Protein chains: 2
Amino acid sequence: MSQRAPLTRERIIETALHLIDGQGLGRLTMRRLGDSLEVEAMAIYHHLPHGKEQLLEQLIAYVAAQPVPPGAGTARERLRSWAGGYRDRLVEHIGVMPLIVTRRNPGALLATTQSVQDLLRTAGRTEAEAAVGAHTLLGYLLGTVALEGREHATETTPDLDRDDRFLAGLDNVLTAIAS
Amino acid sequence: MSQRAPLTRERIIETALHLIDGQGLGRLTMRRLGDSLEVEAMAIYHHLPHGKEQLLEQLIAYVAAQPVPPGAGTARERLRSWAGGYRDRLVEHIGVMPLIVTRRNPGALLATTQSVQDLLRTAGRTEAEAAVGAHTLLGYLLGTVALEGREHATETTPDLDRDDRFLAGLDNVLTAIAS
DNA sequence: ACCTGAACACCGTTCAAGT
DNA sequence: ACCTGAACACCGTTCAAGT
């Protein structure tokens, strides 16, 4: 009676993300993903011919590709609000961090990094300064989110303190690269 | 005839590290590790009763626990030379990065972070400033090394440029936290 | 075109058994 | 005490078969 939603790449990605957010990356298996989709695991291969590898690649792209949007304001202001949102996104899907930080995936992060670099370049820095700045900011973002992900388990620091610490560190970095 | 070296925890850890450095984390399995040690996989459990989990924990500790050593000089100078060495160590065992950045492992990184925080505190910062500073520096270090690890595959930037970029970013961060 | 079922070569780990 | 062998419950993936 109940028609199942048709199996699509999009539905596969979103279900996988949901599974990771709920149960962690370690419990994402093709068979379990199949169960969540109410389908045999092998059906997934019809939509993602390269199997799990391709699935993980898509998950990274989904979470990590979020370039700085066009907008008004100083470079510092724009980077500050973008960085806050990017961090939120990374934290929301913290289970994907291991993949983002680990896998070679030129596309997703590169586009994001490039957008920061372009913004700095447009704001008057030299090419080299912009490259260093983008690298510093992205390094800070990924590194601190990863550190937070590790803390989440031991539950030692309240969320508010973590936010303050992140913002204070971010201001440090912004002062250094976009003062 | 050839007496095999006795199986010890130390030899297990080092062989595992060698395996990761050579073939990548994905190819570290208990069975392959057993082969490298010229022993059945199950023998490892006698020295590491908690199995692979415990093995990975030991690997993180081995690579990531490297606190700032005591020494002379300004806070900035000491942090700068320590950070360079820490980065070298992380890059040398880049295959372990996914674990360092991923696993909750209070001990190893916490000791390292704490040593940076203590140094900043001793150099006259407030407790809060020192916490933010340590978090900023470690975030930058882990984040940029992770970014580099991802680049290594695509081989787009020469090593020297990477070193320059790292040092320039490091100076940015140091100016922000230990100017 | 889209999905299933059985099968293959791997995992980590337990547990009884050997020495 | 230290190691082995067989076994169990899982993986990802291939491949022929169904509709």
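Bear in mind the structure is a predicted one, so any value in this text is a computation, not a measurement. Throughout, protein chains are lettered first and strands after them, A, B, ... in sequence-line order, and every chain is numbered starting at 1.
Between the side chain of Arg89(B) and the backbone N or O of Val63(B) there is at least one donor-acceptor pair closer than 3.5 Å.
For Glu40(A), the listed nucleotide lying nearest its side chain is dT4(C); candidates were dT4(C), dC2(D), dT4(D). Taking every side-chain heavy atom of Met42(A) into account, dT14(D) is the closest of dC11(C), dT14(D), dT13(C). The listed nucleotides are dT4(C), dC3(C), dC3(D); the one nearest the side chain of Leu7(B) is dC3(D). Here the side chain of Arg31(A) is nearest to one of dC3(C), dT14(D), dC11(D), namely dC11(D). For Ala43(B), counting side-chain heavy atoms from C-beta on, the closest listed nucleotide (dC3(C), dT4(D), dG12(C)) is dT4(D).
Taking the side chain as every heavy atom from C-beta outward, Leu142(A) and Leu90(A) approach each other to under 4.5 Å.
At whole-Å resolution of the value, CZ in Arg27(A) and P in dC10(D) are 10 Å apart. Atom pair Tyr45(A):OH and dA6(C):C1' shows a separation of 15 Å (rounding to whole Å applied). Computed from coordinates, the Leu48(B) CG to dT14(C) P distance equals 13 Å when rounded to whole Å. Taking atom NZ of Lys52(B) as the reference point, atom P of dT13(C) lies 8 Å away to the nearest angstrom. Between Leu55(A) atom CG and dC11(D) atom P the separation is 15 Å, expressed in whole Å. A straight line from CE of Met30(B) to C1' of dC11(C) spans 11 Å, rounded to a whole angstrom. One atom, CD of Glu53(B), and another, C1' of dC11(C), lie 15 Å apart when rounded to the nearest Å. Atom NE2 of His46(A) is separated from atom C1' of dT13(D) by 15 Å (rounded to the nearest Å).
Across all strands shown, dG12(C) pairs with dC8(D); the Watson-Crick or G-U wobble distances both stay below 3.5 Å. For dC3(C), there is no paired base (Watson-Crick or G-U wobble, both distances below 3.5 Å). Checking dA17(C) for Watson-Crick or G-U wobble geometry (two distances, each under 3.5 Å) identifies no partner in any strand.
Under the 4.5 Å side-chain heavy-atom criterion for Ile, Leu, Val, Met, Phe, Trp and Tyr, Trp82(A) and Tyr62(A) are members of the same hydrophobic cluster. Linking ILVMFWY residues whenever their side-chain heavy atoms come closer than 4.5 Å, directly or via other members, places Ile100(B) and Val145(A) in the same cluster.
Side-chain N/O atoms of His47(A) include one lying less than 4.0 angstrom from OP1 or OP2 on dC3(C).
When all heavy atoms are compared, the tightest approach of Thr175(B) to Ser179(B) is O-CB, 2.8 Å.
If you find the closest nucleotide of DNA chain D to Pro49(A) and to Arg32(A), the one lying nearer the 5' end belongs to Arg32(A).
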